[in-house]
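Data block below; observations after.
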Amino acid sequence: MSKDSYKLVANNKKAYHDYFIEETYEAGIALSGTEVKSLRMGRCSIKESFIKIEKGEVYIYGMHVSPYEKGNIFNKDPLRVRKLLLHRRQISKLVGQIAEKGYTLVPLKVYFIGSLAKVEIGLAKGKKLYDKRQDIAKKDQRREAEKDFKIRNLG
């Protein structure tokens with residue numbers, strides 16, 4: 001990625017809170033021209049989006065790409081279903097893993113590599129309430145430790 005430019009458009013922090021991410025995949029997104037322009041301006045949200053595999057093809061639902069101001073009649077529906085571009089072998093592997101208990105696909109990031117719009121997909125397992133509490137407790141402990149460390153070093 002050193003020679004190609006990497007530009008983050010949208011990040012799904014909620015996914016890391018609600019799921020254990022086991023594996024990640026990079027997929028292209030089938031977009032129209034005005035959607036690409038809108039993405040370049042950073043107008044995208046994947047907070048409520050999810051991914052389904054139907055008839056051997058992967059689709060993202062609920063990804064909101066704001067309409068491009070100068071796009072007028074060429075603008076598409078901001079919440080339309082978009083196709084994700086993955087290799088057939090990757091899709092069949094994902095289908096097998098989703099068939100297992102508790103696995104789902106969640107979008108993690110939308111970004112550009114050079115001129116290509118990409119989405120990072122996470123193969124995820126849902127967290128239970130007590131798992132979330134444990135994560136929050138660990139974050140609090142780390143914060144307290146950093147605070148104590150700062151106080152000791154400054155004093």
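Q97 and E22 form no side-chain donor-acceptor contact under 3.5 Å, judged by distance and modelled atom types alone.
Taking the side chain as every heavy atom from C-beta outward, Y25 and K93 approach each other to under 4.5 Å. Side-chain contact check for L123 versus I21: every heavy-atom pair is 4.5 Å or farther apart. A 4.5 Å side-chain heavy-atom check between R40 and S115 finds at least one atom pair inside the cut-off. Residues L86 and I121 meet the side-chain proximity criterion, which asks for heavy atoms closer than 4.5 Å. Counting heavy atoms from C-beta on, the side chains of Q141 and E144 never come closer than 4.5 Å. For the pair V58/I51, a side-chain contact is recorded, criterion being any heavy-atom separation below 4.5 Å from C-beta on. You'll find the side chain of E120 stays beyond 4.5 Å of the side chain of E26, heavy atoms only. Side-chain contact between L94 and L105 is present, with heavy atoms from C-beta onward closer than 4.5 Å.
Of all heavy-atom pairs spanning Y111 and V119, the tightest one is CE2-C, 4.4 Å. The nearest pair of heavy atoms linking F112 to V36 is CZ-O, 4.0 Å. Of all the heavy atoms in L84 and A27, the pair that sits closest is CB-CB, 4.2 Å. When all heavy atoms of C44 and L39 are compared, the pair lying nearest together is CB-CD2, 3.3 Å.
Legend: residues meeting side chain to side chain contact (heavy atoms under 4.5 Å, CB included) with K37, ordered by chain and number and at least two apart, are Y68. For the side chain to side chain contact (heavy atoms under 4.5 Å, CB included) test, residues two or more places apart in sequence or in another chain that qualify with Y59 are E54, E57, Y61, V81, K83. Residues satisfying the side chain to side chain contact (heavy atoms under 4.5 Å, CB included) test with R89, not counting sequence neighbours, are none.
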- [ ] Verify side chain to side chain contact (heavy atoms under 4.5 Å, CB included) between M63 and F50, making sure each step is shown before the conclusion.
- [x] CA-CA 8 Å; M63 177 176 150; F50 59 96; over 6 Å; no
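Geometrically, K125 engages Y103 in a cation-pi contact, judged by NZ or CZ lying under 6.0 Å from the ring centre and within 45° of the ring axis.
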